[in-house]
Engineer: 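Handing you this structure, nothing more for now.
A, B, ... follow the sequence lines: proteins, then strands. Residue 1 opens every chain.
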Amino acid sequence: MLAKEFRIKFKKDFDNILKSRNKFFSNNFSLRFSQNNQDVSKFSIVVSAKISKKAVIRNQLRRRIFEILRLEMSNIKPGYSVMIFPKLGALLLDYQTLEQEIFYLLNKSRLLKNETR
RNA sequence: UUAGAUUGGUGGAUGAUCGCUUUUUAUUUUUUAUUAAAUAGAGAGAGGAAAGUCCGAACACCACGCUGUUUCCAGCAUUAAUGGAGAAAAUAGUUGCUAACGGCAAUCCUUGCAGGGGUGACUUUGCAAGAGGACAAGUGCAACAGAAAAUAUUCCUUUCCGCUUUGGCGGGAUAAGGGUGAAAUUCUAAGAUAAUUAGCUUAGACGCUCUGUUUCAAAAAAACAGAGAAGGGGUAAACUCUAUUCGGUGCAAAACCAAAUUAGGUAGGUUGCUAGAGCUAUUUAGUGAUAAAUAGCCAAGAUAGAUGAUCAUCUUAAACAGAAUUCGGCUUACAGCCAAUCUAACAUU
RNA sequence: GCCCUCGUAGUUCAACGGAUAGAAUAUGUGCUUGCGGAGCAUAGGAUCCAGGUUCGAUUCCUGGCGAGGGUA
């Protein structure tokens, strides 16, 4: 789990992200972000009830993604607010492939400091 | 011993690396302020159902002059004040427990299953289930079949009289038997009748209502006795009647502080927010639910939402599954293990 | 979090508590046509699940499951 300062807190921030046009997609995720004028990047993960009706499964998926982001934190550019939406297929993935997809998405949206093309 | 059913309990462990929320200690920096921040250490961190949101309460606010009972009509006017009527909804054997409940306990009754007794109707014991007031106040409903399904009344059989072309026809009597259906008018005796006989008359039994006595922890039921009324099929998860209960909104309630921007009280923040109808143990009272006393204990509190991720080992990704104001229930989901009871099979004595 | 509504053929809808659950459309087969379409005939196909009340339940009651909507 990420610490409080790296999580998006206010409704205003969510609205800003949803208004912005920065959208990127992979097979099992979609990602949206906008710039904020702060020193750190902030994250939020939204798991819809459509993905699973059970709260345990949704929580597990959310925690795994947060864990991946935490380990990548030093490599991410500061000053952005990012939302990640898993799709239905993300339930079937194991931890390794989740990690690869998240890394691919961040790279594609140019949020990483060391870009690899 | 094995298998199954029911009830109760439990609801992965250990280690490594990296984290999150919260409480607290130390050090450093900082502030008008023990204010705020950083680093390090220590402690705590989902459930038996946290779920469904099906009931009940606590608590908060809103509406209401007061009492009765937070509906209505009258009543009362702060040393005050009781009569009548009743919409919608909910509940329903009886007694008790509880803050309260549609929950729980005990018990009665009914139904089902099993064993014993009996030719049999039935009776008795055990277990299980039951939304279990009233159809003897009124109204409605009952396909098909059947004569007839409720102000109705002979299809067949039986029997008497008349007629007869001996095939039957007409008019009575008859509820003993048959047949239909899920269901067919409570039972008995006497009279009326040529005779037998549901309807008519009289008397009684069963059942109903009320009263008394016995039994019982208590009440109901039951048994016995007395009185009364009426004429008695089913159905109220049909209308309805009887008795009882009942204001509305839900912690995103609500209170406080408070930018941009004077106000309003918006953004945002703090409180509400975890010491409680609390948990554990013992004793006492009670058939029991439960209550009382004594002793000990403090056990998540997040806020777009912490309680985790990866790896290894054990015995297998352990089953169902994630607190959101808080409790009491109900319902639904649930692998493995442990205990008790019951059932079946096998083995031994 | 709280509140409300609805589940019937593949689809859109019917059906007083009475039993063969109906209609349109779609699907299959046949007829028609040189072939196809249209048309005609015919066949199969459903009450979300589990209990209960009742002689009898799509209908009444209870509990699940699923779908949709509202509100802050």
Side-chain angles (χ1 to χ4, degrees):
Chain A
M1 200 64 207
L2 287 176
K4 260 185 185 178
E5 53 174 324
F6 299 115
R7 285 182 276 174
I8 302 174
K9 199 170 181 186
F10 302 119
K11 187 169 164 60
K12 234 187 297 177
D13 296 336
F14 288 103
D15 290 343
N16 272 337
I17 295 169
L18 293 173
K19 278 177 196 166
S20 79
R21 295 184 181 177
N22 300 316
K23 308 175 189 173
F24 293 90
F25 301 94
S26 72
N27 286 341
N28 295 312
F29 294 94
S30 53
L31 180 147
R32 297 178 132 207
F33 69 90
S34 69
Q35 284 193 325
N36 62 1
N37 301 316
Q38 297 176 20
D39 297 337
V40 292
S41 283
K42 299 194 170 191
F43 294 90
S44 172
I45 292 160
V46 179
V47 185
S48 162
K50 285 180 187 172
I51 288 177
S52 172
K53 296 195 68 168
K54 294 176 182 175
V56 172
I57 293 175
R58 294 201 303 269
N59 274 344
Q60 191 185 31
L61 184 61
R62 205 166 50 84
R63 282 167 180 162
R64 277 182 170 172
I65 298 171
F66 267 126
E67 183 69 14
I68 292 163
L69 290 174
R70 186 177 67 80
L71 296 172
E72 287 293 325
M73 210 52 202
S74 58
N75 197 21
I76 294 174
K77 290 179 185 173
Y80 293 93
S81 296
V82 184
M83 289 175 85
I84 295 176
F85 299 84
K87 299 179 190 173
L88 194 57
L91 279 183
L92 303 172
L93 305 180
D94 60 359
Y95 184 77
Q96 311 292 336
T97 39
L98 273 180
E99 197 172 11
Q100 286 170 17
E101 274 214 45
I102 296 286
F103 189 77
Y104 165 81
L105 251 187
L106 290 174
N107 194 20
K108 188 180 178 187
S109 51
R110 301 187 179 178
L111 289 170
L112 293 180
K113 286 176 183 169
N114 306 320
E115 291 188 30
T116 55
R117 304 227 94 191

Engineer: If we call it a pair only when both distances are under 3.5 Å in a Watson-Crick or G-U wobble match, what pairs with B/G336?
Structural biologist: B/U10
Engineer: Take the protein atom CZ of A/R58 and the nucleotide atom C1' of B/G305, then report the distance between them rounded to whole Å.
Structural biologist: 13 Å
Engineer: So if I take every side-chain heavy atom of A/E67 and compare against B/U21, B/G308, B/G322, which nucleotide ends up nearest?
Structural biologist: B/G308
Engineer: How do A/I57 and A/Q60 order along RNA chain B: which one's closest nucleotide is nearer the 5' end?
Structural biologist: A/Q60
Engineer: Partner lookup for B/C113, please. Criteria are Watson-Crick or G-U wobble with both distances under 3.5 angstrom; report none if nothing qualifies.
Structural biologist: B/G126
Engineer: Please figure out whether A/V46 or A/V56 has its closest RNA chain B nucleotide nearer the 5' end.
Structural biologist: A/V46
Engineer: Could you tell me whether B/G15 is syn or anti, where syn means a glycosidic angle within 90 degrees of zero?
Structural biologist: anti
Engineer: From C-beta outward on A/N59, which listed nucleotide comes closest to its side chain: B/U310, B/G322, B/G305?
Structural biologist: B/G322
Engineer: Mind calculating the distance between CG (A/L69) and P (B/U310) to the nearest angstrom?
Structural biologist: 15 Å
Engineer: In whole angstrom, give the distance that lies between atom CZ of A/R7 and atom C1' of B/G308.
Structural biologist: 12 Å
Engineer: So what's B/U39 paired with, Watson-Crick or G-U wobble, going by both distances under 3.5 Å?
Structural biologist: B/A26
Engineer: Does any nucleotide pair with B/A219 by Watson-Crick or G-U wobble geometry, both distances under 3.5 Å, and what is it?
Structural biologist: none
Engineer: With P as the reference atom in both, quote the distance from C/G66 to C/G52 in angstrom, rounded to an integer.
Structural biologist: 24 Å
Engineer: So, taking the atom named CD in A/E99 and the one named CD in A/E67, what distance separates them when rounded to the nearest 0.5 Å?
Structural biologist: 9.5 Å
Engineer: Between C/U29 and C/A67, how far apart are the two C1' atoms, rounded to whole Å?
Structural biologist: 37 Å
Engineer: Looking at A/F24, I want to see if its CZ is surrounded by more than 12 non-hydrogen atoms of other residues, nucleotides or ligands under 6.0 Å.
Structural biologist: yes
Engineer: Any strand is fair game: report the nucleotide pairing with B/A309 by Watson-Crick or G-U wobble, both distances under 3.5 Å, or none.
Structural biologist: B/U17
Engineer: Just to confirm, is there a sub-4.0 Å distance from OP1 or OP2 of B/A304 to any side-chain nitrogen or oxygen of A/R62?
Structural biologist: no
Engineer: Taking the side chain of A/R70 as heavy atoms from C-beta outward, which of B/G322, B/G308, B/U310 is closest to it?
Structural biologist: B/G308
Engineer: Need the pair for C/A14. Rule: Watson-Crick or G-U wobble, both distances under 3.5 Å, any strand; none if unpaired.
Structural biologist: none
Engineer: Say we look at B/U235 and B/A134: how far apart would their C1' atoms be, to the nearest angstrom?
Structural biologist: 13 Å
Engineer: In whole angstrom, give the distance that lies between atom CZ of A/F43 and atom C1' of B/C20.
Structural biologist: 16 Å
Engineer: Nearest 0.5 Å, what's the CG-CD1 distance between A/L69 and A/I84?
Structural biologist: 5.0 Å
Engineer: Taking A/K108 for its side chain and A/F25 for its backbone only, find out whether a donor-acceptor pair lies under 3.5 Å.
Structural biologist: yes
Engineer: So which heavy atom on A/V82 is nearest to which on A/I17, and how close?
Structural biologist: N-CD1, 4.3 Å
Engineer: Does B/G48 count as syn, meaning its glycosidic angle lies within 90° of 0, or as anti?
Structural biologist: syn
Engineer: Please determine, for C/G68, whether a Watson-Crick or G-U wobble partner exists with both distances under 3.5 Å, and give it or none.
Structural biologist: C/C4
Engineer: Between C/G44 and C/G10, how far apart are the P atoms? Round to whole Å, please.
Structural biologist: 15 Å
Engineer: Rounding to the closest angstrom, what is the interatomic distance between B/C210 and B/G199 at atom P?
Structural biologist: 31 Å
Engineer: I'd like the C1' distance from B/A238 over to B/A49, given in whole Å.
Structural biologist: 40 Å
Engineer: Heavy-atom distance under 4.5 Å between the side chains of A/L112 and A/F103, does that happen here?
Structural biologist: yes
Engineer: Checking base pairs now: Watson-Crick or wobble, both atom distances under 3.5 Å. What partners B/U240?
Structural biologist: B/A134
Engineer: When the distance from CZ of A/F66 to P of B/A304 is rounded to whole Å, what number comes out?
Structural biologist: 11 Å
Engineer: Determine if the base of B/A46 is syn or anti; take syn to mean the glycosidic torsion is within 90° of 0.
Structural biologist: syn
Engineer: Nearest to the A/R64 side chain among B/A309, B/U307, B/A306, which nucleotide is it?
Structural biologist: B/A309
Engineer: Expressed in angstrom and rounded to an integer, what is the separation of A/M83 atom CE from B/A304 atom P?
Structural biologist: 13 Å
Engineer: Nearest-Å distance, CE (A/M73) to P (B/C20)?
Structural biologist: 12 Å
Engineer: Can you tell me how far C1' in B/A92 sits from the matching atom in B/A237, rounded to whole Å?
Structural biologist: 14 Å
Engineer: A/Y80 vs A/F33 aromatic rings, parallel, tilted or perpendicular, using cut-offs 30° and 60°?
Structural biologist: perpendicular
Engineer: What's the spacing between A/I68 CD1 and A/R63 CZ if we round to 0.5 Å?
Structural biologist: 14.5 Å
Engineer: Among B/G308, B/C18, B/C20, which nucleotide sits nearest the side chain of A/L71?
Structural biologist: B/C18
Engineer: Could you check B/A317 for me: syn (within 90° of 0) or anti?
Structural biologist: syn
Engineer: C1' atom, C/C3 versus B/G112: distance in rounded Å?
Structural biologist: 43 Å
Engineer: Please state how far atom CD1 in A/I68 lies from atom C1' in B/U310, giving the value in whole angstrom units.
Structural biologist: 11 Å
